[in-house]
Amino acid sequence: HVQLVESGGDSVQAGGSLTLSCVVSGARKSRYCVGWFRQAPGKEREGVAAIFTDGTRTYYSDSVKGRFIIFQDNVKNTVRLQMYRLETNDTAKYYCAADFGSNGYCYIDLSTQYTAWGQGTQVTVS
């Protein structure tokens, strides 16, 4: 079965950087969308970035554009989210998720498209 495992969450000071990793295993398809979502206490889940795994398309929310970079690592089936100039409102639990039904386009504002989810990793910015 498909499994997504996130890592890399930590506590950092505002202005700092972190890199999150998402390892996808058990996928039957080689091309699909991987998205990063976050949810802070009392707030709705927010899509922040996504990538189609052939590397042709990346997507970012306005709140992170220019500060976060999503990419596929050379390590197979790993998608990383590099986060720079972190702000206190970036504090949240970050989840990666996969949309295996994608035809090449990824929708970070449609979390229901993503059918496989990891358990999340906490990012705290103070």
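Along the sequence shown, residues carry numbers from 1.
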Does CD belonging to Gln119 count more than 12 external heavy atoms closer than 6.0 Å? no
Distance in Å, Tyr32 OH paired with Asp99 CG, rounded so as to fall on 0.5 Å steps: 11.0 Å
Do we see a donor-acceptor contact under 3.5 Å between the side chains of Thr19 and Arg80? no
Just by modelled atom types, is the Ser7 backbone N or O under 3.5 Å from a matching donor or acceptor in the Ser21 side chain? no
So Thr58 and Phe52, do their side chains get closer than 4.5 Å, heavy atoms only? no
Under the 3.5 angstrom rule, does the side chain of Arg67 hit a backbone N or O of Ser63 as a donor-acceptor pair? yes
Measure the spacing between SG of Cys96 and CD1 of Ile70 and express it to the nearest 0.5 Å. 9.0 Å
State, yes or no, whether a side-chain contact exists between Glu6 and Tyr94 at a heavy-atom distance under 4.5 Å. no
Determine whether a donor-acceptor pair (N or O, by modelled atom type, separation under 3.5 Å) exists between the side chain of Lys29 and the backbone of Phe100. yes
Between atom CD of Glu46 and atom CG of Asp90, what is the distance when rounded to the nearest 0.5 Å? 8.5 Å
Under 6.0 Å from the six-membered ring centre of Tyr95 and within 45° of its axis: does the NZ or CZ of Arg45 meet both? no
Would you say the side chain of Thr78 lies within less than 4.5 Å of the side chain of Phe71, judging by non-hydrogen atoms? no
Any side-chain heavy-atom pair of Val79 and Ile51 under 4.5 Å: yes
Side chains of Thr53 and Cys33 in contact at under 4.5 Å (non-hydrogen atoms): no
When clusters are formed by joining ILVMFWY residues with side-chain heavy atoms under 4.5 Å apart, either directly or through shared neighbours, do Val12 and Phe68 land in the same one? yes
Starting from Val23, can I reach Leu4 by hopping between I/L/V/M/F/W/Y residues whose side chains sit under 4.5 Å apart? no
Of the options Leu18, Leu81, Asp10, which is the one that meets Val123 in a side chain to side chain contact (heavy atoms under 4.5 Å, CB included)? Leu18
Should we say atom CZ of Arg31 is surrounded by more than 12 heavy atoms from elsewhere, each under 6.0 Å from it? no
Verify the cluster assignment for Tyr59 and Val34: are they in a single hydrophobic cluster under the rule of side-chain heavy atoms below 4.5 Å apart? no
Quick one: CD on Gln39 to OG on Ser111, what's the gap to the nearest 0.5 Å? 9.5 Å
Side-chain heavy atoms nearer than 4.5 Å, only ILVMFWY residues, links allowed to pass through others: does that put Tyr107 and Val64 together? no
Locate the shortest heavy-atom distance separating Val2 from Ala116; write the atom from each residue and the value. CG1-CB, 3.9 Å
Calculate, to the nearest 0.5 Å, the distance between atoms OG and CG belonging to Ser30 and Asp54 respectively. 8.5 Å
Quick check: do Tyr84 and Ile69 have side-chain heavy atoms less than 4.5 Å from each other? yes
Ring centroids only, cut at 6.0 angstrom: are Tyr114 and Phe37 within range, meaning strictly under it? yes
Using the rule that Ile, Leu, Val, Met, Phe, Trp and Tyr join whenever any side-chain heavy atoms are under 4.5 Å apart, tell me whether Ile108 and Val24 fall into a single cluster. no
Quick one: closest heavy-atom pair of Ala40 and Ala92, and the distance? N-CB, 3.8 Å
Distance in Å, Leu20 CG paired with Gln122 CD, rounded so as to fall on 0.5 Å steps: 10.5 Å
